[in-house]
Amino acid sequence: MKPYRSRLKIVLDILTAISEESGKVSKILLHANLSYDRLMKYLNELLEKGLIEEEMGEYRLTEKGYRFLEELRRAEKLAEAFGFKF
Amino acid sequence: MNESYIRHKYAIEELEPKDMSIKPVLFFGYDIVMSFVSALVAFIVSYQAYRAHTITRKKSFLALELGFIFTGIGLLADSILSYAAIASRTPHFFGVGYLAYFISTAIGYALILGSYIIDRVMMEEAVPAMIPIARYGSLPESILLILIGVVMIQSMINLLMDRSLNKLLIAAAFTSIFLSHLCFMIQALAFASLLVIGQILRFIGFMMFAVFIIRVVRAG
């Protein structure tokens, strides 16, 4: 059985993929391990919130997105250390 | 020798219990500083939990944030009122300081324990988005001991399930704080010198939290 991934963890995986890999959908799909439809739903949500931007079919993090990713990583570390689910 | 030092020294001599077998006079004053620094560390941990709560909206982080705020307030009140007692030579402040410390810390530990309960029970959360320290009483310390004991066991279970340096720091910090309350409890009954060890252990515990926070901030 696959371990359950929370919404926060999925968002973290997507943002990490965009920040570390190239912003191509195929790469993000591979890194985030999501179906195409679900990934597009998340990407649209992140676009609406101004965390990512799209250019020539490639996604990249905005300034706000980088700050959000940084905070999310810290929150994950805190949760992990205290044994909270993330 | 300045005037404040002399006043401080005389205040200690007046307030020191006569039946204390080992007199930790050299430790007087340092305990206040250690409580103060521990309070600051507690506020820093609380701030990190606040930031995590802001971004994740998880109630367990909110409980953790409030828990460390109350723990910090307790330590701060104890250190400030202990200092005030020495400076103004008003022993009454010690009692008030300890009462504030006990109430606030008990609430703090209960909230930290509550953060684990929230995280475990509310499954849907994860889905969406000092001076005469001889005045420390054995009964209140035993209450704090039980509360922090449960928190310590939980942090150790977390460590055993999935080992990491951060989890080790948290477990070691809570263990150190647990042992400090054990020392405070026993010293109230028998060995006065244990209060020095208790203060140092609690300080070490909060220093571990400080190291952990530095690691978290750097990881971001």
As an exercise, state the distance from [atom1] of [X] to [atom2] of [Y], rounded to the nearest 0.5 Å.
| X | Y | atom1 | atom2 | value |
| --- | --- | --- | --- | --- |
| B:I170 | A:E80 | CD1 | CD | 9.5 Å |
| B:R51 | A:E71 | CZ | CD | 4.0 Å |
| A:R74 | B:I213 | CZ | CD1 | 10.0 Å |

Legend entry - Shortest non-hydrogen contact between B:N158 and A:G83, atoms and distance: ND2-CA, 3.4 Å

Legend entry - Atom of B:I55, atom of A:A75 and distance for their closest heavy-atom approach: CG2-CB, 4.1 Å

Inset, instruction - Inspect the surroundings of OH in B:Y50 and state if more than 12 heavy atoms from other residues, nucleotides or ligands are less than 6.0 Å away. - result: no

Inset, instruction - Check the surroundings of atom CD in A:E20: do more than 12 heavy atoms from other residues, nucleotides or ligands lie under 6.0 Å from it? - result: yes

Of the backbone (N, CA, C, O) and the side chain (C-beta and beyond), which part of [X] lies under 4.5 Å from a heavy atom of chain A, both, or neither?
| X | answer |
| --- | --- |
| B:S115 | both |
| B:L165 | neither |
| B:Y116 | both |
| B:A171 | neither |
| B:N166 | both |

Inset, instruction - Using non-hydrogen atoms and a 4.5 Å limit, figure out which bit of A:E76 sits close to chain B: side chain, backbone, both or neither. - result: neither

Legend entry - Flag side-chain contact, heavy atom, 4.5 Å: B:D119 against A:F82: no

Legend entry - B:K58 and A:L8, any side-chain heavy atoms less than 4.5 Å apart: yes

